[in-house]
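Residue numbers start at 1 and run along the sequence shown.
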Amino acid sequence: MKTIRNTTQRVTTLFIIVIALFCNTASAAPPSKEGYTPVDSVMKHRQEPRWVSPVPEPVEVLRAFQKPQHRWSKGHRGVDMAADGAIRAPRSGKIIFSGKVVDRYVITIEHDDGYKSSFEPVTNAKEAGQEVSLGEIIAQVDNTVHHCTKQCIHWGVRQKIAEEWEYINPLALLQVEKPSVLLPVEDDFLA
C-alpha cells in the first residue's frame with residue numbers, strides 16, 4: 001500500500017513538472033513547419049539587452065580578456081576596445097569612484113545587478129555618487145594616454161564570487177552571439 005502511494009506521488013509530481021515546463025516553453029515562440037523554433041523567432045521574444053557596449057558598435061577589440069591563473073597572477077583583467085569620444089554606461093548604476101590612479105583617470109560604476117565596471121583612461125568623467133542610466137554618457141576617452149596600438153578604452157568588470165571580487169570577461173555580458181540551436185536529428189542519424 002505504501003509503495004503504491006509513493007509511486008502515485010512520484011507520477012503526480014512528474015506530471016506537474018512536465019506541465020509547468022510545457023507552459024513555460026509553449027509561449028516562447030511558435031514552432032516552424034519543420035517542428036523546431038527558428039533562431040529569429042526566439043530572438044524576437046528576448047528582452048531588451050541588459051548590457052550595452054560602452055563604445056559605438058561594431059566593437060573592435062584590440063586586446064582580449066585574459067583570465068589570470070590566480071588572482072595575483074599576470075593576465076589582462078578586461079578588454080581594450082578601440083574608442084575615441086564618448087564612453088557610455090553599459091548598464092545603469094551608481095558611480096562609486098571617479099579620480100586619478102597613478103597616471104590616468106578612472107571611473108567605476110557599481111551596477112544595479114551587483115557587477116562593477118571600470119574604465120580607463122577617461123577625461124570629463126561624471127563625479128562619484130551620481131546615478132547613471134543604461135547608455136548614458138559617463139566620460140570621454142582621454143586621447144593623451146596611449147596604451148594600445150590605437151586610441152582605446154580599457155573596460156574591466158568585477159563580480160563577487162565567494163566573498164571575493166573577481167574579474168570576468170565584459171564581452172560575455174553583451175550577449176553578442178545568438179543562442180545555440182539544436183536541430184532535429186533524422187532517423188538515419190547514428191550516434
Side-chain angles (χ1 to χ4, degrees), residues 24 28 42-179:
N24 262 352
V42 172
M43 296 306 285
K44 286 182 205 169
H45 289 71
R46 291 180 79 180
Q47 296 176 349
E48 289 298 312
R50 296 177 50 164
W51 286 77
V52 296
S53 173
V55 299
E57 295 186 5
V59 173
E60 181 184 357
V61 176
L62 301 176
R63 185 171 176 201
F65 176 81
Q66 183 183 5
K67 186 177 176 91
Q69 187 173 3
H70 303 286
R71 282 194 330 255
W72 59 87
S73 300
K74 70 178 181 174
H76 192 240
R77 293 163 173 83
V79 292
D80 291 342
M81 308 164 86
D84 187 19
I87 304 300
R88 298 186 179 276
R91 185 173 170 92
S92 58
K94 183 177 184 178
I95 297 174
I96 58 171
F97 179 80
S98 182
K100 195 168 189 174
V101 176
V102 187
D103 64 344
R104 63 192 65 190
Y105 282 90
V106 177
I107 187 169
T108 302
I109 304 171
E110 183 169 31
H111 300 288
D112 56 8
D113 61 357
Y115 292 92
K116 292 181 183 179
S117 285
S118 293
F119 301 94
E120 62 175 277
V122 299
T123 187
N124 300 329
K126 290 191 175 268
E127 294 181 16
Q130 290 183 305
E131 298 285 333
V132 293
S133 301
L134 175 82
E136 182 178 339
I137 294 175
I138 56 170
Q140 299 288 322
V141 176
D142 185 346
N143 292 322
T144 65
V145 178
H146 303 282
H147 73 275
C148 297
T149 56
K150 62 199 266 185
Q151 196 57 49
C152 72
I153 191 78
H154 177 84
W155 179 26
V157 175
R158 291 173 286 161
Q159 176 184 23
K160 198 166 193 175
I161 301 172
E163 302 303 317
E164 296 288 335
W165 286 97
E166 293 190 26
Y167 283 91
I168 62 168
N169 185 349
L171 298 179
L173 300 170
L174 296 181
Q175 301 175 351
V176 292
E177 296 180 6
K178 290 185 176 183

**Q** Please list all pairs passing the side-chain hydrogen bond (donor to acceptor under 3.5 Å, both in side chains) test where one or both residues lie in residues 160-171, with sequence neighbours left out.
**A** none
**Q** Under the side chain to side chain contact (heavy atoms under 4.5 Å, CB included) criterion, do Asp113 and Arg50 qualify, and how do the steps go?
**A** CA-CA 10 Å; Asp113 61 357; Arg50 296 177 50 164; 4.1 Å; yes
**Q** With Lys116, which residues qualify under side chain to side chain donor-acceptor pair (under 3.5 Å), at least two apart?
**A** none
**Q** Check Ile168 against Tyr115 and note the closest heavy-atom contact, atom names and distance.
**A** CD1-CE2, 3.4 Å
**Q** Give the C-alpha distance, both sets of side-chain angles, the deciding distance and a yes or no for side chain to side chain contact (heavy atoms under 4.5 Å, CB included) between Asp80 and His147.
**A** CA-CA 9 Å; Asp80 291 342; His147 73 275; 3.5 Å; yes
**Q** Any ring pair (Phe, Tyr, Trp, His ring centres under 6.0 Å) pairs touching residues 87-111, not counting sequence neighbours?
**A** Trp51-His111
**Q** Could you work out, with side chain to side chain donor-acceptor pair (under 3.5 Å) as the rule, every residue matching Arg77, not counting sequence neighbours?
**A** none
**Q** Ile109 vs Ile96, test: side chain to side chain contact (heavy atoms under 4.5 Å, CB included). Steps then yes/no.
**A** CA-CA 6 Å; Ile109 304 171; Ile96 58 171; over 6 Å; no
**Q** Of the non-hydrogen atoms in Leu62 and Gln151, which two are nearest, and what is the gap between them?
**A** CD1-O, 4.3 Å
**Q** Taking all atoms of both residues into account, what is the closest heavy-atom pair of Met81 and Val55, and its distance?
**A** CE-CG2, 3.8 Å
**Q** About how many Å separate CD1 of Ile87 and CD1 of Ile138, when rounded to the nearest 0.5 Å?
**A** 7.0 Å
**Q** Got a list of side-chain donor-acceptor pairs under 3.5 Å for residues 118-135, not counting sequence neighbours?
**A**
| unit_1 | atom_1 | unit_2 | atom_2 | d |
| --- | --- | --- | --- | --- |
| Ser118 | OG | Thr108 | OG1 | 2.9 |
| Glu120 | OE1 | Arg104 | NH1 | 3.3 |
| Lys126 | NZ | Glu136 | OE2 | 3.0 |
| Gln130 | OE1 | Glu127 | N | 2.9 |

**Q** What pairs meet the disulfide (SG to SG under 2.5 Å) rule with one or both residues in residues 131-175, with sequence neighbours excluded?
**A** Cys148-Cys152
**Q** Just so I know, are the side chains of Asp84 and Asn143 near enough to count as touching, which here means a heavy-atom distance under 4.5 Å?
**A** yes
